[in-house]
Chemist: 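Before anything else, here's the structure in question.
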Amino acid sequence: MAKTYKIGIIRGDGIGPEIVTEALKVLDKVGSVCDINFEYKEMLLGGAAIDATGVPFPDETKKGVDSCDAVLFGAIGGPKWDNLERRLRPESGLLALRAHMGTFANLRPAVVYDELVNASTLKPEVVKGVDIMVVRELIGGIYFGQPREYLKDHSYNTMIYTRAEVTRIAKVAFEIAMKRDKRVCSVDKANVLEVSQFWRDVVIEVAKEYPEVELSHMYVDNAAMQLIRNPKQFDVILTGNIFGDILSDAASMLSGSIGLLPSASTGEGVGLYEPIHGSAPDIAGQGIANPLATISSAAMMLKYALGEMEASSKIDHAIKQALKDGYRTGDIGAYDAKTICNCSQMGDVIVSYIK
Ligand code: NAD
């Protein structure tokens with residue numbers, strides 16, 4: 001009998017609705033091929049939620065996500081809401097959603113497809129074969145630390161990590177490394193920040209439980225440089241919230257476009273699956289966004305949240321095959337393209353490759 005999963009859908013703002021539509025097309029196709037049913041529950045977050053309800057993270061969404069097996073999310077934000085008070089801005093809604101769901105581990109694979117080695121701004125020999133997993137702590141650190149305040153003549157935020165927070169994210173990184181090349185590079189700023197020295201000390205403690213995994217440490221400024229200089233040296237990068245945010249955007253350019261990179265945010269409960277990019281207001285409404293990051297996020301959802309490995313790898317395979325056959329959206333259109341697609345056409349192409 002076909003299995004049924006309840007999937008929360010948050011389209012969000014800007015290109016969010018466009019890219020999520022394509023991911024749903026692909027999920028429906030893979031569902032029909034693999035005998036899986038998806039029941040979608042649409043929910044509001046960010047600017048769309050502000051317009052409809054006055055707040056960026058409505059109670060209905062809070063209750064809704066708890067009742068799902070997994071949540072697929074596009075992106076939020078845009079200039080329309082930029083001048084609102086901080087707690088009412090779309091971004092505050094997303095942070096509150098992540099905190100509510102307890103999704104402390106953000107997994108951001110940065111993989112360079114062989115077909116797109118020319119799409120990177122770096123030399124092909126530098127990026128060919130890159131396969132990094134960035135494990136970013138998502139619901140702690142400076143984005144959430146208290147106290148925080150904007151004042152007239154000075155302002156401040158607080159970067160704080162507890163032993164429990166560092167331990168649980170470090171364990172995620174080591175477990176993932178065990179299934180990969182068994183190398184973890186923990187990125188911090190321990191030469192300057194006490195909180196980073198603490199992070200490093202706790203990671204060293206956790207590493208004792210994983211003697212097979214080689215642990216190294218790197219300062220974040222050096223890590224930014226090394227990602228560009230020699231990205232192939234990395235297997236798993238373990239890092240905190242703000243450093244992970246910045247480094248994973250940098251890592252995205254190894255692959256050629258931010259529109260290619262998916263992410264999974266997991267914790268003890270329901271997981272959140274989303275592209276790493278934002279709502280791209282500059283191209284919203286034009287139908288030209290690259291939907292592959294969101295389609296890949298749906299594949300990660302099948303794998304990590306639902307354990308549907310076959311369905312997940314069918315999507316990954318379809319993406320690789322489409323790229324190999326020269327299908328490109330505009331952001332990667334200058335590189336070995338045979339057919340330039342808009343957002344919807346790329347969704348159709350991926351659907352057609354799922355057998
Ligand atoms: P962005 O990621 O939205 O866009 C950066 C650049 O990448 C833009 O030129 C954009 O056109 C391009 N781009 C992004 N996704 C693309 C895709 N799928 N296909 C083709 N090109 C793509 O970052 P930004 O411009 O700094 O932020 C815009 C808004 O998004 C802001 O309101 C910001 O707060 C919000 N944001 C949201 C999230 C999220 O929802 N998770 C993450 C980052 C930023």
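Hydrogens, waters and symmetry mates play no part in the numbers below; they use all other heavy atoms, side chains included. Start at 1 and go down the list; that is how both ligands and their atoms are numbered.
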Chemist: Which atom pair, heavy atoms only, marks the closest approach of Arg148 to Tyr143?
Modeler: NH1-O, 2.7 Å

Chemist: Between Lys320 and Glu115, does any side-chain N to carboxylate O distance fall below 4.0 Å?
Modeler: no

Chemist: Can you list, by chain and residue number, every protein residue with a non-hydrogen atom closer than 4.0 Å to ligand 1?
Modeler: Ile15, Phe73, Ala75, Ile76, Gly77, Gly78, Glu91, Leu94, Ile258, Gly259, Glu274, His277, Gly278, Ser279, Ala280, Pro281, Asp282, Ile283, Ala289, Asn290, Asp331

Chemist: Check the side chains of Thr329 and Asp331 for a donor-acceptor pair under 3.5 angstrom, ignoring hydrogens and angles.
Modeler: yes

Chemist: Can a salt bridge be assigned to the pair Asp114 and Lys324 using a cut-off of 4.0 Å between side-chain N and carboxylate O?
Modeler: no

Chemist: For the residue pair Gln226 and Arg229, confirm or rule out a side-chain donor-acceptor distance under 3.5 Å.
Modeler: yes

Chemist: Locate the shortest heavy-atom distance separating Tyr327 from Tyr353; write the atom from each residue and the value.
Modeler: CE1-OH, 3.4 Å

